[in-house]
Amino acid sequence: MALESTPSQTVGPYFSIGLPWDGGPDAVAPDDAGALTIGGVVYDGAGTAIPDAMIETWQADASGAWGTRDGFRGFARVGTDDDGRWAIRTVKPGAAEGAAPFIEVSVFARGLLHRCVTRIYFGDEEAANREDAVLASVPAERRDTLLATPTDDGYRFDIHLQGDGETVFFDV
C-alpha cells in the first residue's frame with residue numbers, strides 16, 4: 001500500500017487532525033442578513049491547485065468592530081478541496097481605525113515551515129484602499145494580489161504561494 005505525503009510532514013504533526021470542524025468556514029451564522037461568500041483557489045509555484053492547504057481568517061464585523069458577538073465569530077477555518085478551492089461565509093468587514101476594510105488570512109500548506117500571512121482587501125473599495133497605510137506600503141504593481149474581486153455571491157480571492165502573480169505575504 002503506497003502512502004501519500006501529508007501536510008504534517010512539513011508543518012507539524014497535528015496539521016489535519018481536529019483542525020477542520022463543522023461550521024469552521026462560517027465566520028457568521030448562515031442566516032446572517034449580510035452573509036456572503038469569499039473564496040478562491042490556492043496555487044503552488046507551478047500554478048497547480050493545492051488540495052490539502054488550510055485557510056484561517058480573522059476580521060472585524062460589518063461595523064468595523066473586532067471581537068465576537070451573537071452570530072459573529074470573526075474567525076473561520078477551512079481546508080481546500082481536491083481542486084484547491086476554499087470558501088468561507090462571512091460579512092464584508094467595516095473599516096476600522098482608518099484602515100480600508102480587510103480580512104487577515106493565514107495559509108498553511110505542505111512545504112511551508114511557517115504559515116503565510118496576507119490580507120484580503122476589496123476591489124470595490126477604491127477610495128478606502130487608496131488611504132490604507134498597509135496597502136500603500138505594497139509596491140503598486142503587486143497590490144492587485146491583495147484585492148478580492150466581486151462575484152454574484154460575494155468575492156473571489158485566489159492565493160498564489162509563488163511564481164507569477166505571487167500573493168503578497170507579510171512578515172509578522
Side-chain angles (χ1 to χ4, degrees), residues 4-62 65-94 96 101-124 145-163 165-170 172:
E4 296 180 11
S5 61
T6 68
S8 66
Q9 294 170 320
T10 52
V11 296
Y14 304 110
F15 177 78
S16 65
I17 300 172
L19 293 178
W21 72 92
D22 289 344
D26 297 326
V28 296
D31 60 349
D32 189 292
L36 53 83
T37 300
I38 298 176
V41 176
V42 179
Y43 296 100
D44 66 14
T48 302
I50 299 174
D52 54 1
M54 187 176 72
I55 305 298
E56 287 183 350
T57 63
W58 296 267
Q59 68 173 90
D61 67 14
W66 289 81
T68 59
R69 61 169 168 72
D70 289 339
F72 178 76
R73 184 172 54 211
F75 172 77
R77 179 184 290 155
V78 63
T80 55
D81 67 11
D82 290 344
D83 297 317
R85 293 179 301 209
W86 65 278
I88 63 166
R89 181 187 348 256
T90 190
V91 293
K92 187 175 181 180
F102 69 91
I103 297 176
E104 299 278 0
V105 178
S106 287
V107 181
F108 301 83
R110 68 180 119 111
L112 299 177
L113 297 178
H114 301 284
R115 66 187 172 129
C116 292
V117 177
T118 189
R119 284 184 171 189
I120 298 172
Y121 287 93
F122 298 88
D124 56 357
T145 70
L146 299 176
L147 300 178
T149 306
T151 63
D152 290 341
D153 64 346
Y155 291 88
R156 180 175 180 129
F157 185 75
D158 292 336
I159 299 168
H160 297 263
L161 295 178
Q162 293 179 313
E166 178 182 337
T167 300
V168 170
F169 296 104
F170 298 96
V172 293

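One is the number of the first residue; the rest follow in order along the sequence. Excluded from the calculations below are hydrogen atoms, water molecules and symmetry mates; all remaining heavy atoms, backbone and side chain alike, are included.
Proximity of a side-chain donor or acceptor of Asp44 to a complementary backbone N or O of Gly47 within less than 3.5 Å is detected. For the pair Gln59 (side chain) and Val91 (backbone), a donor-acceptor distance under 3.5 Å is present. Panel note: side chain Asp32, backbone Gly34; a donor-acceptor pair is recorded below 3.5 Å. Under a 3.5 Å cut-off, the side chain of Thr80 and the backbone N or O of Arg85 do not form any donor-acceptor pair. Side chain of Thr145 to backbone of Val168: a donor-acceptor contact under 3.5 angstrom is found. When atom types are taken as modelled, the side chain of Asp81 and the backbone of Asp83 share a donor-acceptor pair closer than 3.5 angstrom. Remark: side-chain polar atoms of Asp82 are not paired, donor with acceptor, to backbone N or O of Pro51 under 3.5 angstrom. At distances below 3.5 Å, not a single donor-acceptor pair connects side-chain atoms of Ser106 with backbone N or O atoms of Val117.
Distance check, rounded to the nearest 0.5 Å: CH2 of Trp86 to OG1 of Thr37 gives 10.0 Å. Between the CD atom of Gln162 and the CZ atom of Phe169 there is a distance of 9.0 Å, given to the nearest 0.5 Å. For the atom pair OG1 of Thr57 and CD of Glu104, the computed distance is 10.0 Å after rounding to the nearest 0.5 Å. Here the straight-line distance linking atom CD1 of Ile38 with atom CD1 of Ile88 works out to 5.0 Å at 0.5 Å rounding. Taken to the nearest 0.5 Å, the OH atom of Tyr121 stands 7.0 Å off from the CG atom of Leu146. To the nearest 0.5 Å, atoms CD1 (Ile55) and OG1 (Thr118) are separated by 10.0 Å.
Cation-pi geometry between Lys92 and Tyr155 is not satisfied (NZ or CZ under 6.0 Å from the ring centre, within 45° of the ring normal).
For the pair Pro101 and Pro93, the tightest heavy-atom approach, listed with the atom from each and the gap, is CB-O, 3.2 Å. For the residue pair Arg119 and Phe170, the shortest heavy atom distance occurs at N-CE1, 3.9 Å. Scanning both residues, Ala49 and Val41, for their nearest heavy atoms gives CB-CG1, 3.8 Å. The two residues Val107 and Ile159 make their nearest non-hydrogen contact at CG2-CD1, 3.9 Å. Of all non-hydrogen atoms in Arg73 and Thr68, the two that sit nearest each other are O-CG2, 3.3 Å. Across Pro30 and Ala35, no two heavy atoms sit closer than the pair O-CB, 4.4 Å.
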Full working for side-chain contact (heavy atoms from CB on, under 4.5 Å) between Thr149 and Phe157: CA-CA 7 Å; Thr149 306; Phe157 185 75; over 6 Å; no
Test side-chain contact (heavy atoms from CB on, under 4.5 Å) applied to Arg89 and Val28, step by step: CA-CA 6 Å; Arg89 181 187 348 256; Val28 296; 4.0 Å; yes
Verdict with reasoning, Arg69 to Asp61, per salt bridge (Lys or Arg N to Asp or Glu O under 4.0 Å): CA-CA 9 Å; Arg69 61 169 168 72; Asp61 67 14; 3.7 Å; yes
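By the 4.5 Å heavy-atom criterion applied to side chains, Glu56 and Val78 are not counted as neighbours.
Each ring pair (Phe, Tyr, Trp, His ring centres under 6.0 Å) pair with one or both residues in residues 31-59, not counting sequence neighbours, appears once here: Tyr43-His160, Trp58-Phe75.
Phe72 pairs by the ring pair (Phe, Tyr, Trp, His ring centres under 6.0 Å) definition with nothing, not counting sequence neighbours.
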